[in-house]
**Q** 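Can you keep this structure in mind? I'll have questions shortly.
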2 protein chains.
Amino acid sequence: MARRPTTADPFNAVAEPRRRQILDLLATGERSVNDLAGLLNLKQPQVSKHLKVLKAVGLVNVRGAGRRRLYTMNGDKLKPIHDWVKRFERMWAERLDRLDEYLKELQSGEDPG
Amino acid sequence: MARRPTTADPFNAVAEPRRRQILDLLATGERSVNDLAGLLNLKQPQVSKHLKVLKAVGLVNVRGAGRRRLYTMNGDKLKPIHDWVKRFERMWAERLDRLDEYLKELQSGEDPG
DNA sequence: AGATTATATACCCATATCGGAATATATCAA
DNA sequence: TTGATATATTCCGATATGGGTATATAATCT
């Protein structure tokens, strides 16, 4: 067998950074394909293809508007990822009081609070 | 270019269901390779290979113990995933009061509370 | 040293990927 | 209809994957 297709589930679809960027933009509202291509400095065919993957796993919806197609985000499909990751939340929350972790936070410039 | 390697980042490493299962088990404590293989009905080489990927992205640590190698989980590396997904949390939380979403919850047998 | 156990690595193969480039489809305008 | 714009699809090529199987390495025991 080979690697699981990107269209298998949101986990695989979202593993591609470009697609996360697209979702980041769609989270703010409806966007057309060329709109996204311009904002992300991508070529139109690649954007169409990424959107096709996102559509396949239900992460986006489309609406025809004249000769354009406006995409919106469907965040619900991210919930399984959230649920899975959340179970490990304590693994980085509980250790904030440990000195080594604290120092790491300081070094990386993050807010330890 | 081809698809981003599984070792590129935790997003890609965790897109594989087997690796999520391995992390689920390691979250409960240290495990040896054969231990994991037995619990997941996988062959030893596949487990070693999955662990290699998880190690490459820092999601697990190893400790030699005699002729065995005990793996532990390092949850910190999941934080970027958590942070990214959490930004969309309102997209499924805010809509719980909408009728269609509510019905979906009921149909899927989930707790709408 | 030789035997046994635990784990890692190497090799093969079918499959999917992502970007690039070209082309097809669709919608509108004149 | 012809032309322009917006999007989707097709073909290509380099690359990595994950399972299977066999083999190599490592540590322990007698």
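Excluded from the calculations below are hydrogen atoms, water molecules and symmetry mates; all remaining heavy atoms, backbone and side chain alike, are included. Reminder, nothing fancy here: chain letters follow the sequence lines and each chain counts from 1. Model, not experiment: these values are computed from the prediction.
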**Q** Any side-chain N or O of A/Thr6 below 4.0 angstrom from OP1/OP2 of C/dT17?
**A**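 Indeed, a polar side-chain atom of A/Thr6 lies that close.
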
**Q** Can you figure out which of D/dT17, D/dT7, D/dT15 approaches the side chain of A/Ser32 most closely?
**A**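 Closest of the options to the side chain of A/Ser32: D/dT7.
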
**Q** Tell me: NZ of A/Lys52 to C1' of C/dT25, nearest whole Å?
**A**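 Interatomic distance, NZ of A/Lys52 to C1' of C/dT25: 13 Å.
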
**Q** Could you check how far CG of B/Asn12 sits from P of D/dT15, rounded to whole Å?
**A** 18 Å

**Q** Output the single nucleotide from D/dA16, D/dA4, D/dT28 whose closest atom is nearest the side chain of B/Arg67.
**A**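 Nearest to the side chain of B/Arg67 among the choices is D/dT28.
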
**Q** Please determine whether a side-chain nitrogen or oxygen atom of A/Arg69 lies at a distance below 4.0 Å from atom OP1 or OP2 of D/dA6.
**A**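 Answer is no, no contact under 4.0 Å.
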
**Q** For the side chain of A/Gln44 and the base of D/dA6, is some donor closer than 3.5 Å to an acceptor across the two?
**A**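 Counting by modelled atom types and ignoring angles, no donor-acceptor contact under 3.5 Å is found here.
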
**Q** A/Leu51 has an atom CG; how far is it from atom C1' of D/dA6, in whole Å?
**A**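 The distance from CG of A/Leu51 to C1' of D/dA6 comes to 13 Å, rounded to the nearest Å.
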
**Q** Can you tell me how far P of D/dG19 sits from CG of B/Leu40, to the nearest Å?
**A** 11 Å

**Q** For A/Tyr71 and D/dA6, is the shortest distance between a side-chain N/O and OP1 or OP2 below 4.0 Å?
**A** no

**Q** For the side chain to side chain contact (heavy atoms under 4.5 Å, CB included) test, which of A/Asn12, A/Leu54, A/Asp24 pairs with A/Arg19?
**A**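 That would be A/Leu54; it is the only one of A/Asn12, A/Leu54, A/Asp24 passing the side chain to side chain contact (heavy atoms under 4.5 Å, CB included) with A/Arg19.
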
**Q** May I ask you to decide if the ring planes of B/Trp84 and B/Phe11 are parallel, tilted or perpendicular, using 30° and 60° as cut-offs?
**A**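 The arrangement is perpendicular - the two ring planes meet at more than 60°.
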
**Q** Could you state the CZ-C1' distance from B/Arg18 to D/dG18, rounded to the nearest angstrom?
**A** 10 Å

**Q** With a cut-off of less than 4.0 Å, is there a side-chain N or O of B/Arg4 near OP1 or OP2 of D/dT17?
**A**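 Looking at the OP1 and OP2 atoms of D/dT17, neither is under 4.0 Å from any side-chain N or O of B/Arg4.
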
**Q** Send over the distance from B/Leu54 CG to C/dA8 C1', rounded to a whole Å.
**A**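 Taking CG of B/Leu54 and C1' of C/dA8, I get 15 Å after rounding.
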
**Q** Counting side-chain heavy atoms from C-beta on, which of D/dT17, C/dG19, D/dA8 comes nearest to A/His50?
**A** C/dG19

**Q** When you match A/Arg19 and A/Pro45 each to their closest nucleotide on DNA chain C, which lands nearer the 5' end?
**A**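 Mapping each residue to its closest nucleotide by heavy atoms, the 5'-most match is A/Arg19.
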
**Q** Hey, which sits more toward the 5' end of DNA chain C by its nearest nucleotide, A/Gln46 or B/Val47?
**A**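 First, find each residue's nearest nucleotide; the 5'-ward one identifies B/Val47.
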
**Q** Take the protein atom CD1 of B/Ile22 and the nucleotide atom C1' of D/dG19, then report the distance between them rounded to whole Å.
**A**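 Atom CD1 in B/Ile22 sits about 13 Å away from atom C1' in D/dG19.
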
**Q** Tell me whether B/Arg20 contacts the main-chain N or O of B/Val14 through its side chain, where contact means a donor paired with an acceptor under 3.5 Å.
**A**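 Flag set: sc B/Arg20 to bb B/Val14 pair under 3.5 Å.
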
**Q** Is A/Asn34 close enough to D/dT7 that one of its side-chain N or O atoms is under 4.0 Å from OP1 or OP2 there?
**A** yes

**Q** Could you check which of D/dG18, C/dT7, D/dT17 has an atom nearest any side-chain atom of B/Glu16?
**A**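 Ranking D/dG18, C/dT7, D/dT17 by closest atom to the B/Glu16 side chain puts D/dG18 first.
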
**Q** Would you confirm whether B/Arg31, through its side chain, and B/Leu36, through its main-chain N or O, come within 3.5 Å as a donor-acceptor pair?
**A**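 No, because the side chain of B/Arg31 does not come within donor-acceptor range (under 3.5 Å) of the backbone of B/Leu36.
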
**Q** For the pair made of CZ in B/Arg3 and C1' in D/dC12, what is the distance, rounded to whole Å?
**A** 19 Å

**Q** Give me the one residue out of A/Lys79, A/Lys86, A/Arg87 that meets salt bridge (charged side-chain N to carboxylate O under 4.0 Å, His left out) with A/Asp83.
**A** A/Lys79

**Q** Taking distance alone, no hydrogens or angles, what donor-acceptor pairs closer than 3.5 Å link side-chain atoms of residues 61-70 of chain A to residues at least two apart or in another chain?
**A**
from: A/Arg63; atom 1: NE; to: A/Glu30; atom 2: OE2; distance (Å): 2.5
from: A/Arg63; atom 1: NH2; to: A/Glu30; atom 2: OE1; distance (Å): 2.9
from: A/Arg63; atom 1: NH2; to: A/Glu30; atom 2: OE2; distance (Å): 2.9

**Q** Reckon B/Lys49 has a side-chain N or O less than 4.0 Å from the OP1 or OP2 of C/dT9?
**A** no

**Q** Does the D/dG18 base have a donor-acceptor partner in the side chain of B/Lys43 within less than 3.5 Å?
**A** no

